[in-house]
Number of protein chains: 2
Amino acid sequence: MLNVQLLLTGNELMSGDIVDTNSVFIAREFKNLGIELTRKVTVGDNLQLLTEQMEQLSVDADILIINGGLGPTVDDMTAQALSEAANKPLALHPTALEQVKAWCVKRSYRLTGPNMKQALLPAGCNIVNNPIGSAPGFSLSHNNCQIICTPGVPVELKAMLRNEILPEIAKQLPEELQTVTQKLKVFGIGESGLQKMVNETYPNWPEEIELGFRATMPLLEVKLTSRSHTSSTLRDEWYNKIKGLLGQHIVSENGNSIAATVVELLNQQGKTITTAESCTGGMIAAQLTGIAGSSNVFEAGFVTYSNRMKAKLVNVNEKTLEQFGAVSEQVVKEMVTGALAVSDADYAVSVSGIAGPDGGTEEKPVGTVWLAWGDKQQVFAKRLYLPTHRIHFQNFIANTGLDLIRRLILGYADEPRYFVERQLKNKTS
Amino acid sequence: MLNVQLLLTGNELMSGDIVDTNSVFIAREFKNLGIELTRKVTVGDNLQLLTEQMEQLSVDADILIINGGLGPTVDDMTAQALSEAANKPLALHPTALEQVKAWCVKRSYRLTGPNMKQALLPAGCNIVNNPIGSAPGFSLSHNNCQIICTPGVPVELKAMLRNEILPEIAKQLPEELQTVTQKLKVFGIGESGLQKMVNETYPNWPEEIELGFRATMPLLEVKLTSRSHTSSTLRDEWYNKIKGLLGQHIVSENGNSIAATVVELLNQQGKTITTAESCTGGMIAAQLTGIAGSSNVFEAGFVTYSNRMKAKLVNVNEKTLEQFGAVSEQVVKEMVTGALAVSDADYAVSVSGIAGPDGGTEEKPVGTVWLAWGDKQQVFAKRLYLPTHRIHFQNFIANTGLDLIRRLILGYADEPRYFVERQLKNKTS
């Protein structure tokens, strides 16, 4: 079994300033190869400690992934530490220098000393291409261990690991170590709820197939992992059982977010969508337009935060606002009808609620929200209750709105679990 | 300086299934005492590796905090590992046993073998009370290092660390170890650019004052850290020098995002803002409404993704669209004027650009974007060029729009660096 270890560097990781998500990503990617990390060490920007650790871990590991410290500033010391640990003097690496230059040119920056420093690497190392940032990755063999240095910027790390590093490592792996992972994205079922469903329905879950969950707020990723030599019949049988269990809560089998799924469905049907948002303040529109290709399906969105603008922009009747208040079934329904009329879109979703921390009342506490969704034929509405942080509230509700549109487009009839679970007790909705 | 190290154990930390927040909490709590953790090691539930690490780290550290592995199950091995590392046989600890019993009684559980195991601890250790869970903490001196074992359940760890462990450690601390940190948030200056400015302007930066950066995309956090006994005169002198260097690029000194700063400024002035977004698709509005208190300053936002909606919702002249195209100075300016007129807000910002991956042309490649901003008196516009991922493009441009409004409200006249740095070469803007 390949012994893979991880060395992370950065004062921000030692000071408690940031949560380390890079090591989680790296661990997960290796897990997909069937490899579990043996050890994870984190140190600050301390040359001596960093050098020591490289030496120590490289003696023990087959592969040592180093993350961070490739930046242009003085406290980025990975190259120097490796140069000392492996006793390879620092030298300007021509390939690295080209990549840094190209990066500067692309942004029409002048190549400065700090950027130049990013090409100053241990002699004899191999360059790992960084498709995004200015810091080239590099690898070196030392103590019979393959040491691979990667950038701390998450998006750069991800690209480099997926495009360059893992495919190389996968080649070195014996076939029987390789695994197959099947993934589903789910919205509206929590980890414990799902685990309970599985235990009750399938008490004899086969041990060849590992069932794993990963919370990717507000979605849940469900993973089935098995060795590549496991029979594909068995694998598919249980994949289908899980799919049956999750039913219409399944958002995608290709890793797509709800927004991406909705944009895909609308593109397939040549239909368009519009949004009328109060408490989510443009988040639904932003999630849709965050998807490439959304311009075909999304023409306009309305952020109507005040009552005046609900009336002016999407024609909500002032009387309705007075009589029922902004957070009401009648108002969100009129927001949908108005948004459809003004934008001439095929589908619309609207939201009005109390995100907090202020603005709650006895009858409509913080966390109360009305959603409406529909097309020119029919408009539906539902009240939910989600007392949590403002940002979590907005994110969950924005995704709920998108999920309700997804279900409508697909003609799904089942009631999502959140209709039952996200209710204010002792109140009818 | 007290050398404090951290050893975390648990398979869930090695598989990438969970994000480790315990070590962030521990690091931050120690930082408040002026102590930065020297090293953080994470291993799975592996007795040999765990024992090795305890031995290794305890040789090096004054204090070793161990987190996790105190549970009742077989894969909780911290006590056994410490017993082997320190060569102290496991024995039922009377105080620990009492606490476990009390915990069971309180919940009217029967005291079972697994719970009993939680009182089976290295001989001679001291018990650290766990006010919440069943697992007592314990500490032992080995290799002249104080080893303190804490539970992995976050709420138990927090209570134990705050109520029991840190007060004890604080007593041992000399006053001069404590530190003071001053922070600034900056937009439009990168880490390397800033490092270069500092090197050139202040080659003799005093070593009593540590200058640190933290990228919180798209903002940069600048931190000055010094020992509490450093003269506050010196501290303030250099803090002010950095402020002078960063000038109008400083977004906040209280950790606020640009959106939060803008909402704060608008609240102070009793003014309102509106947005007309094409390629940022509602992100500017969402960032504003993500701030509590935004309802006083934000009434309406327009997401006008299509030309038709630019004309219909914010009165952009069809002729202007035909003649200059949607991504043009004329159109973004008309978007601002139209949004101000329709919403009756005091300030407006508009964006139209090519987020990609498709839609670029020879003359307007992907990454080209026009921003306009202003009030009823005057409207400004600027073209920028930012060839990067769609999501980064949208996030950076949304924040640029907010930053331009911030500068306008504050009456700032300096030209932001991104006006110069984010330009398409061989083209005038």
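Order of the sequence lines fixes the chain letters, A, B, ..., with proteins taken first and strands second; residue numbering starts at 1 for each chain.
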Check: Contact part of Thr280(A) toward chain B, heavy-atom cut-off under 4.5 Å: side chain, backbone, both or neither?
Finding: backbone
Next item on the list: Sort Ile391(A) into side chain, backbone, both or neither according to what part of it lies under 4.5 angstrom from a heavy atom of chain B.
Entry: side chain
Margin query: What part of Leu37(B) gets within 4.5 angstrom of chain A, counting heavy atoms only: side chain, backbone, both, or neither?
Written below: both
Check: Is it the backbone or the side chain of Lys310(B) that comes under 4.5 Å from a heavy atom of chain A, or both, or neither?
Finding: neither
Next item on the list: Please look at Gln394(A) and chain B and tell me whether the side chain, the backbone, both or neither of the residue comes under 4.5 angstrom of a heavy atom of that chain.
Entry: side chain
Item checked: Residue part contacting chain B, namely of Thr38(A), when any heavy atom lies under 4.5 Å -> both
Note to self: Tell me the closest heavy-atom pair linking Lys312(A) and Ala341(B), and the distance in Å.
What the structure shows: NZ-O, 4.2 Å
Checklist line | Contact class of Ser23(B) relative to chain A, heavy atoms under 4.5 angstrom | finding: neither
Margin query: Within the structure provided, determine whether Arg308(B) and Asp344(A) are in side-chain contact (heavy-atom separation under 4.5 Å).
Written below: yes
Next item on the list: Enter the distance from Phe30(B):CZ to Met14(A):CE here, rounded to the nearest 0.5 Å.
Entry: 11.5 Å
Notebook entry, point to check: Which atom names give the shortest non-hydrogen contact between Arg390(A) and Ser294(B), and what distance separates them?
Noted result: NH2-OG, 3.5 Å
Item checked: Gln287(A), part contacting chain B, at a heavy-atom distance under 4.5 Å -> neither
Checklist line | Heavy-atom donor-acceptor pair, Ser15(B) side chain to Lys31(A) backbone, under 3.5 Å | finding: no
Notebook entry, point to check: Side chain, backbone, both or neither: which part of Leu7(B) has a heavy atom under 4.5 Å from chain A?
Noted result: neither
Notebook entry, point to check: Between Ile18(B) and chain A, which part of the residue has a heavy atom less than 4.5 Å away: side chain, backbone, both or neither?
Noted result: backbone
Checklist line | Under 4.5 Å from a heavy atom of chain B, the part of Gln5(A) involved | finding: neither
Check: What part of Glu210(B) lies closer than 4.5 angstrom to a heavy atom of chain A: side chain, backbone, both or neither?
Finding: side chain
Margin query: Please classify the contact of Asp45(A) with chain B as side chain, backbone, both or neither, using a heavy-atom distance under 4.5 Å.
Written below: neither
Next item on the list: Please flag which part of Tyr109(A) lies under 4.5 Å from any non-hydrogen atom of chain B: side chain, backbone, both or neither.
Entry: side chain
Check: Side chain, backbone, both or neither: which part of Thr304(B) has a non-hydrogen atom closer than 4.5 Å to chain A?
Finding: backbone
Note to self: Between Gln56(B) and chain A, with a heavy-atom cut-off of 4.5 Å, which part of the residue counts as in contact: side chain, backbone, both or neither?
What the structure shows: side chain
Next item on the list: Identify the heavy atoms of Gly282(A) and Ala286(B) that sit nearest to each other, and give their distance.
Entry: C-CB, 4.0 Å
Next item on the list: Decide yes or no for Asp76(A) and Glu191(B): does some side-chain heavy atom of the first lie under 4.5 Å from some side-chain heavy atom of the second?
Entry: yes
Note to self: Do Val342(B) and Leu313(A) make a side-chain contact, defined as non-hydrogen atoms from C-beta onward lying under 4.5 Å apart?
What the structure shows: yes
Next item on the list: Check Tyr385(B) against Lys106(A) and note the closest heavy-atom contact, atom names and distance.
Entry: CE2-O, 4.2 Å
Checklist line | Lys40(A) to Leu13(B) - nearest heavy-atom pair and separation | finding: NZ-O, 3.3 Å
